[in-house]
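Structure, as structure tokens:
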Amino acid sequence: MAPDNGFIYWSLLAHEEWKLHLAMTEGGLCFVGSNNQPFEELKDWASSRYPGRTLVRDDESLRPYSTEIVEYLQATRQSFSFPVVLRGTPFQEAVWNALRQIPYGQTRSYSDIALHIQKPASVRAVGAAIGANPVLITVPCHRVIGKNGALTGYRGGLDMKTKLLELERTGSRGEGQLLHA
């Protein structure tokens with residue numbers, strides 16, 4: 001990753017009913033906000049994770065990220081090619097990396113993630129780490145559901161989670177249903 005230049009660059013992605021704040025550092029995308037949330041969501045996150053950095057609007061620098069996320073929202077993209085910067089505790093980063101391995105159109109349970117990171121007794125801590133995921137959609141925490149198949153909490157709200165899962169259900173080459181593996 002490039003040295004810290006003291007800035008976090010941000011943009012507002014607006015596509016159909018989606019309005020998402022995006023942010024990047026020198027190393028890549030570091031934040032995707034909840035749908036239709038005010039700028040304060042990004043501002044609060046930045047001040048807690050990157051204290052002292054200045055937020056600077058830069059739509060052009062974020063265009064490659066916006067383009068791929070819009071393609072995902074249009075169900076023409078199933079994975080992302082851009083770098084993602086994950087900045088958390090080692091446990092959080094392990095959980096977030098496990099989330100990135102869940103295939104498009106599939107779901108996993110919290111206990112599946114705990115087993116994947118070899119911490120089977122840490123299901124609640126896994127849930128907390130998932131809730132702290134700073135890069136919604138690209139680190140697909142929306143693909144994590146309750147063991148009984150129920151939709152559970154999501155930083156972006158259950159409506160956003162439902163929309164993303166439905167998008168993947170209908171956009172996953174006509175398979176017609178979410179797969180739980």
Side-chain angles (χ1 to χ4, degrees), residues 1-88 92-93 95-107 129-144 154-173 178:
M1 182 168 28
D4 176 357
N5 68 3
F7 298 106
I8 296 175
Y9 303 98
W10 71 274
S11 182
L12 177 64
L13 179 157
H15 173 73
E16 296 176 357
E17 77 269 16
W18 297 94
K19 287 186 177 56
L20 307 166
H21 285 96
L22 310 180
M24 63 175 278
T25 64
E26 309 77 28
L29 190 69
C30 63
F31 181 84
V32 174
S34 305
N35 192 29
N36 291 313
Q37 289 302 301
F39 180 72
E40 282 68 34
E41 180 191 32
L42 168 59
K43 192 171 152 184
D44 291 346
W45 170 84
S47 67
S48 69
R49 287 293 179 174
Y50 291 89
R53 284 217 185 178
T54 303
L55 287 166
V56 176
R57 184 157 190 171
D58 187 345
D59 297 329
E60 189 58 36
S61 291
L62 280 123
R63 190 170 317 284
Y65 304 102
S66 296
T67 298
E68 288 194 23
I69 293 171
V70 166
E71 290 169 354
Y72 167 85
L73 295 172
Q74 294 171 331
T76 60
R77 172 176 290 279
Q78 294 186 4
S79 62
F80 301 98
S81 66
F82 50 73
V84 174
V85 176
L86 297 173
R87 190 173 188 181
Q92 287 173 326
E93 290 179 14
V95 169
W96 299 336
N97 285 322
L99 298 176
R100 295 178 79 189
Q101 295 175 34
I102 304 171
Y104 182 94
Q106 295 187 23
T107 60
I130 290 171
N133 171 21
V135 194
L136 298 181
I137 300 173
T138 58
V139 176
C141 56
H142 61 275
R143 296 179 188 153
V144 181
Y154 183 66
R155 179 171 66 87
L158 289 181
D159 183 56
M160 182 177 176
K161 183 173 189 165
T162 301
K163 285 178 181 176
L164 293 171
L165 290 172
E166 179 64 19
L167 170 85
E168 291 189 12
R169 185 186 69 79
T170 59
S172 59
R173 303 177 198 257
L178 284 172

Is there side-chain contact between Arg100 and Val84, with heavy atoms separated by less than 4.5 Å?
-> yes
Do Phe80 and Ile69 pass the side chain to side chain contact (heavy atoms under 4.5 Å, CB included) test, and can you show the C-alpha distance, the side-chain angles, and the key distance before you say yes or no?
-> CA-CA 8 Å; Phe80 301 98; Ile69 293 171; 4.0 Å; yes
Do you know which two heavy atoms are closest between Ser34 and Gly156, and how far apart they sit?
-> OG-CA, 3.3 Å
Where do Pro134 and Cys30 come nearest, in terms of heavy atoms and distance?
-> CB-O, 3.7 Å
To the nearest 0.5 Å, tell me how far Asp59 CG sits from Ser11 OG.
-> 3.5 Å
Criterion side chain to side chain contact (heavy atoms under 4.5 Å, CB included) on Cys141 and Leu136, from CA distance to verdict | CA-CA 7 Å; Cys141 56; Leu136 298 181; 3.6 Å; yes
How many angstroms lie between CZ in Arg155 and CE in Met160, if you round to the nearest 0.5 Å?
-> 7.5 Å
Provide the closest heavy-atom pair for Ser47 versus Asp44 in the form atom of the first, atom of the second, distance.
-> OG-O, 3.0 Å
Parallel, tilted or perpendicular: which fits the ring planes of Phe39 and Trp10, with parallel below 30° and perpendicular above 60°?
-> tilted
Pairwise distance CG(Leu13) to OG(Ser66) - rounded to 0.5 angstrom = 4.5 Å
Side-chain contact test, heavy atoms from C-beta onward, threshold under 4.5 Å: evaluate it for Leu55 versus Leu42 and give yes or no.
-> yes
Residues Lys163, Glu16: salt bridge by 4.0 Å N-O rule | no
Please lay out, stage by stage, how Tyr65 and Met24 fare under the test side chain to side chain contact (heavy atoms under 4.5 Å, CB included).
-> CA-CA 9 Å; Tyr65 304 102; Met24 63 175 278; 3.6 Å; yes
Carboxylate-amine/guanidinium proximity below 4.0 Å for Asp159 and Lys161 | no
Side chain of Glu93, backbone of Gly88: donor and acceptor closer than 3.5 Å?
-> yes
Side-chain donor/acceptor of Trp96 to backbone N/O of Ala129, under 3.5 Å = yes
Sort out for me which residue in Trp45, Tyr9, Tyr50 forms a ring pair (Phe, Tyr, Trp, His ring centres under 6.0 Å) with Phe31.
-> Trp45
Basic-acidic side-chain contact under 4.0 Å: Arg169, Glu166 | yes
Residue pair Ile130 / Leu99, side-chain heavy-atom distance below 4.5 Å | yes
Leu29 and Leu62, any side-chain heavy atoms less than 4.5 Å apart | yes
Go through the steps to decide whether Val32 and Val139 satisfy the test side chain to side chain contact (heavy atoms under 4.5 Å, CB included), and finish with yes or no.
-> CA-CA 9 Å; Val32 174; Val139 176; over 6 Å; no
Taken to the nearest 0.5 Å, the spacing of Leu12 CG from Leu20 CG works out to 8.0 Å
Side-chain heavy-atom pair Leu164, Leu73 within 4.5 angstrom cut-off | yes
For the residue pair Tyr104 and Tyr72, does the interplanar ring angle fall in the parallel (under 30°), tilted (30 to 60°) or perpendicular (over 60°) class?
-> perpendicular
The complete set of salt bridge (charged side-chain N to carboxylate O under 4.0 Å, His left out) pairs with one or both residues in residues 131-144, sequence neighbours excluded, reads Arg143-Glu168
Can you measure from CD (Glu71) to OG (Ser81) and round to the nearest 0.5 angstrom?
-> 8.5 Å
Kindly compute the distance separating OG1 (Thr138) from CD (Glu68), expressed to the nearest 0.5 Å.
-> 10.0 Å
